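Below, each value reflects all heavy atoms present in this structure, side chains not excepted, and no hydrogens, waters or symmetry copies. As the structure is a prediction and not an experimental result, all values here were calculated from the model.
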Amino acid sequence: MLEDHFKQDITNIKNIAIVPTLLNVICQTTGMGFAAIARVTEDRWITCSVQDNVLFGLKAGDELKIKTTICDEIRQNPKPVIIDNVSEDKEYHDHHTPAMYNLQSYISVPIIRQDGSFFGTLCAIDPKPNNLKEFKVREMFNLFAELISFHLTAIEQDVANKTILKEKTHLLEKTKIEKNQVEKLNSDIEKKLIQKNISLEKMNSELEAFNYISSHDLQEPLRKIQLFTDTIEREEAANLSERGKAAFHKIKTSAFRMQNLINDLLIYSKTKFDDRKFELKDLNTIARDVIEDLTNEFENKNVTFDIQELGKLSVIEFQFRQLLYNLINNSLKFASAERNLIITVSAQITNGEREKLSPLSKYHKITISDNGIGFDQSYSEKIFGLFQALHTKPLKSTGIGLTIVKRIVENHNGFIKAEGTLNQGAKFSIFIPIE
């Protein structure tokens, strides 16, 4: 008999509409016959959703003994386990789980809630060997696990809202409270609900974007890879013809875009506020390191960097490095063909009142500007949205870079403003409060 909280977990997964699509994509792209999302605790392993093409025999709500699964080991050490061929795997060839369930290939990645707690695993199994250690397979599983985590957070927030309303109703029915106390209680609860709903609406917009990328942009490169790989193997294996070369070029283009997209999604998912570790850092040192990392992007271009004194600031170093990397790389991507590119990075201390921010605060203002192709000022807010790439030239942008920048700024309790003039240049101003 399943306890109510396990039933709720199964219901939450069932309410994520994209889950069947994710499990189907896993089976189609990897060749695995069975894929599932499992709820894993210290003493329970329960299926929440299943795609079973090999008649393994499990359905949602079924249970395996926890000690018979590898997922129990993943719960204790939340890292992916990937086995291409059990009989040839040095670590797992004598493991009891493959022998008990007649498995030859296995992959399982942890699903970690946004608060850092362990929910369970996204896993796939098959009685025959498969190539699962390829980069695209590993990153696809990581992306899908992160997507499921986002959905769970949104659903659990919605459940929490309903619980607050239920508690409010019960309290008003069971307790005689004077009018002024009732009004205060209503006010406090309504404020909490408004705050949670604002947070939920923001997350829902991001989840919609994740749904789109999972069902379209991620699958399309995979389909292309399969299509053109089949063409090469069938017709051009011995000696590539012009047609074969063209097909191979398309494969590489699609794979390159998929890799960039997955990398940017993973960076976005990792820029969490909970991962903060603030340290006083020299921003000039970070800027110089970033420019050195970008050398390959501008070594054949006429680029001038004007890096002024940026000072020191208490920041999450790896996130702030990513912030400068994305903004400077953005300037390099959208340089004008009509003139040499000039990128300026400057900083100053400013007060909130002058910048129309909090009048009681002082801010460390960092400005990154260029004389590139710019953008229409009417898009100054839209460019920070997930997957909002204003320029459509292939492979120039995945539409995630500036979204990552905004999240990092928010993780530093700051603000960012974008200013642009079409065909003249762009300027991004970052305001980090000085405590």
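Ring orientation note: the planes of His412 and Phe320 are nearly perpendicular, at an angle over 60° on the 30°/60° scale.
Val81 has its side chain out of reach of Lys79: every pair of non-hydrogen atoms, C-beta onward, lies at least 4.5 Å apart. Taking 4.5 Å as the limit, every side-chain heavy atom of Gln28 sits out of range of all side-chain heavy atoms of Val25. In this structure, Thr121 and Thr69 have side chains that are not in contact, with every pair of non-hydrogen atoms separated by 4.5 Å or more. Contact annotation: the side chain of Val40 never approaches that of Ile74 to less than 4.5 Å [non-hydrogen atoms, C-beta and beyond]. For the pair Leu310/Val345, a side-chain contact is recorded, criterion being any heavy-atom separation below 4.5 Å from C-beta on. Two residues are said to be in side-chain contact when any heavy atoms from C-beta on lie closer than 4.5 Å; Leu294 and Tyr325 meet this criterion. Met32 has its side chain within reach of Asn130: a pair of non-hydrogen atoms, C-beta onward, lies under 4.5 Å apart. When side chains are defined from C-beta on, Leu283 counts as touching Ile366, because their heavy atoms get closer than 4.5 Å.
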Run the side chain to side chain contact (heavy atoms under 4.5 Å, CB included) test on Phe141 and Arg138 for me, step by step, so that the C-alpha distance in whole Å, both residues' side-chain angles and the decisive distance to 0.1 Å come before the verdict.
CA-CA 5 Å; Phe141 268 77; Arg138 289 187 286 106; over 6 Å; no

Just do the side chain to side chain donor-acceptor pair (under 3.5 Å) check on Gln8 and Asn12 with the steps written out, would you?
CA-CA 6 Å; Gln8 184 64 57; Asn12 289 347; 2.8 Å; yes

Please step through salt bridge (charged side-chain N to carboxylate O under 4.0 Å, His left out) for the pair Arg321 and Glu317, ending with a clear verdict.
CA-CA 6 Å; Arg321 187 183 300 274; Glu317 183 179 5; 3.0 Å; yes

Under the side chain to side chain contact (heavy atoms under 4.5 Å, CB included) rule, what do Phe56 and Val50 come out as? Steps first, then yes or no, please.
CA-CA 10 Å; Phe56 188 70; Val50 175; over 6 Å; no

Stepwise side chain to side chain contact (heavy atoms under 4.5 Å, CB included) test for Phe34 and Leu58
CA-CA 9 Å; Phe34 177 91; Leu58 289 178; 4.2 Å; yes

Walk me through whether Met140 and Thr30 qualify under side chain to side chain contact (heavy atoms under 4.5 Å, CB included).
CA-CA 10 Å; Met140 177 178 70; Thr30 63; 4.1 Å; yes

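Although no hydrogens or angles enter the test, the distance criterion places a donor-acceptor pair under 3.5 Å between the side chain of Asp370 and the main chain of Ala426. Glu63 places no side-chain N or O within 3.5 Å of a backbone atom of Ile46 that could act as its donor or acceptor partner. Using modelled atom types, no side-chain atom of Thr350 and backbone atom of Lys365 make a donor-acceptor pair closer than 3.5 Å. Of the possible donor and acceptor atoms, one in the side chain of Asp52 sits under 3.5 Å from a partner among the backbone N and O of Gly57. Judged by distance alone, with hydrogens and angles left aside, the side-chain atoms of Asp89 form a donor-acceptor pair with the main-chain N or O of Tyr92 at under 3.5 Å. A donor-acceptor pair under 3.5 Å is absent between the side-chain atoms of Asn24 and the main chain of Gln51, judged by distance alone. Gln104 places no side-chain N or O within donor-acceptor distance of the main-chain N or O of Pro98, the cut-off being under 3.5 Å.
Taking CZ from Arg39 and CZ from Arg44, the interatomic distance works out to 10.5 Å, rounded to the nearest 0.5 Å. The structure places CD1 of Ile37 at 11.5 Å from CD1 of Ile10, a figure rounded to the nearest 0.5 Å. Interatomic distance, CD1 of Ile18 versus CD1 of Ile148, reported as 9.5 Å (0.5 Å rounding). Atom-to-atom distance recorded for Ile434:CD1 and His364:NE2 is 6.5 Å, nearest 0.5 angstrom. Between the CD1 atom in Ile82 and the CG atom in Leu132 there is a gap of 7.0 Å [rounded to 0.5 Å]. Summarising the geometry, atom CG belonging to Asn15 is positioned 10.5 Å from atom CG belonging to Leu152; distances are rounded to the nearest 0.5 Å.
A side chain to side chain contact (heavy atoms under 4.5 Å, CB included) with Pro110 is found for exactly one of Cys123, Ser149, Pro78, namely Pro78. Partner Ile368 forms a side chain to side chain contact (heavy atoms under 4.5 Å, CB included) with one of Leu327, Val405, Asn326, Asn330 and no other, that one being Leu327.
Here the shortest heavy-atom pairing between Ile383 and Leu402 reads O-CB, 3.5 Å. The minimum heavy-atom distance linking Ser87 with His93 is given by the pair O-CB, 4.1 Å. Pairing each heavy atom of Ser105 with each of Val86, the nearest pair is N-CG2, 4.4 Å. Among all heavy-atom pairs drawn from Gly61 and Leu2, the shortest one is O-CD1, 3.8 Å. Across Val19 and Ile13, no two heavy atoms sit closer than the pair CG2-O, 3.9 Å. The two residues Leu280 and Ser314 come nearest to each other via the heavy atoms CD1-N, 3.8 Å.
Neither side chain, Asn77 nor Glu73, offers a donor N or O lying under 3.5 Å from an acceptor on the other. Between the side chains of Thr68 and Tyr101, at least one donor N or O lies within less than 3.5 Å of an accepting N or O. In the model, Asp43 has a side-chain atom that pairs as donor or acceptor with a side-chain atom of Thr41 under 3.5 Å.
Using a cutoff of 4.0 Å between basic side-chain nitrogens and carboxylate oxygens, Lys128 and Asp126 are scored as salt-bridged. Between Glu3 and Lys7 there is no salt bridge, since none of the side-chain N atoms of the basic residue sits less than 4.0 Å from a carboxylate O of the acidic one. A salt bridge does not link Lys312 with Glu279: none of the charged nitrogens is closer than 4.0 Å to a carboxylate oxygen. Salt bridge Glu42/Arg75: absent, no basic N to carboxylate O contact under 4.0 Å.
In Lys417, the NZ atom is crowded: over 12 heavy atoms of neighbouring residues, nucleotides or ligands sit closer than 6.0 Å. Atom CD of Gln76 has more than 12 heavy atoms from other residues, nucleotides or ligands within 6.0 Å. No more than 12 heavy-atom neighbours from other residues, nucleotides or ligands sit within 6.0 angstrom of NZ on Lys192.
At least one cation-pi condition fails for Arg113 and Phe118: the charged atom is not both under 6.0 angstrom from the six-membered ring centre and inside a 45 degree cone around its axis.
For Phe431 and Phe415, the ring centers sit 6.0 Å or farther from each other.
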